[in-house]
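Everything quoted here is computed from the prediction, not taken from an experiment.
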Amino acid sequence: MTDSTDPLMVIQAGVATLFGRPLTPRSGWPGAKCVLAGIPWDEGNAGRNGANYGPRTFRDVSSWFLSYDAERDFDLWDALPAVDAGDLPVVPPNAERTMGIIAEHVEAVRANGSLPVSIGGNHSLAIGAARGAARTVGKMGYLSIDAHLDTAPDWAGEIYSSGCPTFRASEIPTSIPATSWSSASMAG
């Protein structure tokens, strides 16, 4: 297989990966400062369906991204070696199990000394990601960049919906008090 950094590689050729980074199993993570992963999760979505296609679409679109900034003579992937870990095996009928899979993945990435970056899927996946990150630090802050705050305790009794990530993060014992959290809300 041709490496995505091969100068003869055309953008549309080869297996689509996040930003053209090598598709790498867990055994190949050492040395990576960043581990990218897709989370094709759509359940618990209070809005339009189809978020599960996010990772696949992002892989296609991100192939057009060039990591080199000629104006600054800076290459992102030289400074932040990254790999694509593929998609996490979500379990559509079982949100709790899926959040556990996401938490375990984030914890494993942090144990590798890497930055976990997850491409979703609906944003309830932040519940599992926050839980996994919290297991690796003494105290954890929370930053939400979204059109709304996602502070609902549940949605019709479902605690793993897209409106609940911030509320679920507030339940994590190692979280700093919610009064110290940051949120950047954007609505178009």
Side-chain angles (χ1 to χ4, degrees), residues 18-19 21 26 29-30 32-49 51-52 54-55 58 76 79-188:
L18 293 165
F19 298 104
R21 302 294 67 210
R26 188 175 291 188
W29 292 357
K33 290 186 179 178
C34 178
V35 176
L36 308 159
I39 305 177
W41 180 248
D42 201 18
E43 277 50 51
N45 193 356
R48 183 182 305 155
N49 291 338
N52 55 314
F58 200 89
L76 175 62
L80 185 72
V83 297
D84 183 340
D87 285 345
L88 300 190
V90 300
V91 185
N94 193 326
E96 187 169 352
R97 187 168 166 202
T98 295
M99 294 306 138
I101 290 167
I102 296 167
E104 186 277 330
H105 168 77
V106 169
E107 188 174 9
V109 171
R110 297 274 300 131
N112 187 66
S114 304
L115 171 69
V117 175
S118 302
I119 308 295
N122 98 45
H123 51 278
S124 64
L125 64 87
I127 297 167
R131 288 177 177 170
R135 294 178 193 158
T136 68
V137 296
K139 284 287 186 190
M140 183 183 84
Y142 188 81
L143 169 65
S144 174
I145 302 173
D146 199 339
H148 28 78
L149 298 175
D150 296 334
T151 55
D154 65 74
W155 185 45
E158 174 54 52
I159 64 169
Y160 296 114
S161 79
S162 61
C164 302
T166 302
F167 188 87
R168 295 281 83 78
S170 74
E171 298 173 325
I172 297 171
T174 58
S175 288
I176 61 173
T179 55
S180 300
W181 290 2
S182 294
S183 178
S185 298
M186 297 170 246

Tell me every residue that passes side-chain contact (heavy atoms from CB on, under 4.5 Å) with Pro40, counting only those two or more places apart in sequence or in another chain.
Asn52, Pro55, Asp87, Val90
Ala129: what forms a side-chain contact (heavy atoms from CB on, under 4.5 Å) with it, not counting sequence neighbours?
Ile102, Val106
Working to the nearest 0.5 angstrom, can you tell me the gap between [X] [atom1] and [Y] [atom2]?
X      : Y      : atom1 : atom2 : answer
Cys34  : Leu18  : SG    : CG    : 9.5 Å
Ile127 : Ile172 : CD1   : CD1   : 9.5 Å
Phe167 : Asp154 : CZ    : CG    : 8.5 Å
Asn94  : Tyr160 : CG    : OH    : 9.0 Å
Ile101 : Leu88  : CD1   : CG    : 8.0 Å
Lys139 : Thr174 : NZ    : OG1   : 7.0 Å

Can you check whether Arg110's main-chain N or O pairs, donor with acceptor, with Thr136's side chain at less than 3.5 Å?
no
Hey, does the side chain of Trp41 reach the backbone of Glu43 with a donor-acceptor pair shorter than 3.5 angstrom?
yes
Would you say [X] and [Y] make side-chain contact, with heavy atoms under 4.5 Å?
X      : Y      : result
Val137 : Met140 : yes
Ser162 : Asp150 : no
Tyr142 : Pro165 : yes

Atom pairs and distances, donor-acceptor, side-chain atoms in residues 112-121, under 3.5 Å, two or more places apart:
from, atom 1, to, atom 2, distance (Å)
Asn112, ND2, Trp29, O, 3.2
Asn112, ND2, Ser114, OG, 2.7
Ser114, OG, Ala32, O, 2.5

Looking at every non-hydrogen atom in both residues, tell me the closest pair between Ala169 and Ser175 and how far apart they are.
O-OG, 2.9 Å
How close do His105 and Ala37 get, counting heavy atoms only, and between which atoms?
NE2-CB, 3.5 Å
Please enumerate all residues that pass side chain to side chain donor-acceptor pair (under 3.5 Å) together with Thr166, with sequence neighbours excluded.
none
When you look at CZ of Arg97, are more than 12 heavy atoms from neighbouring residues, nucleotides or ligands closer to it than 6.0 Å?
no
List the residues meeting ring-ring contact (aromatic ring centres under 6.0 Å, His included) with Phe58, not counting sequence neighbours, and say none if there are none.
Phe19
Identify the residue among Glu96, Met99, Arg168 that makes a side chain to side chain contact (heavy atoms under 4.5 Å, CB included) with Ile159.
Arg168
Suppose we screen for salt bridge (charged side-chain N to carboxylate O under 4.0 Å, His left out). Which residues come up paired with Glu107, at least two apart in sequence or across chains?
Arg135
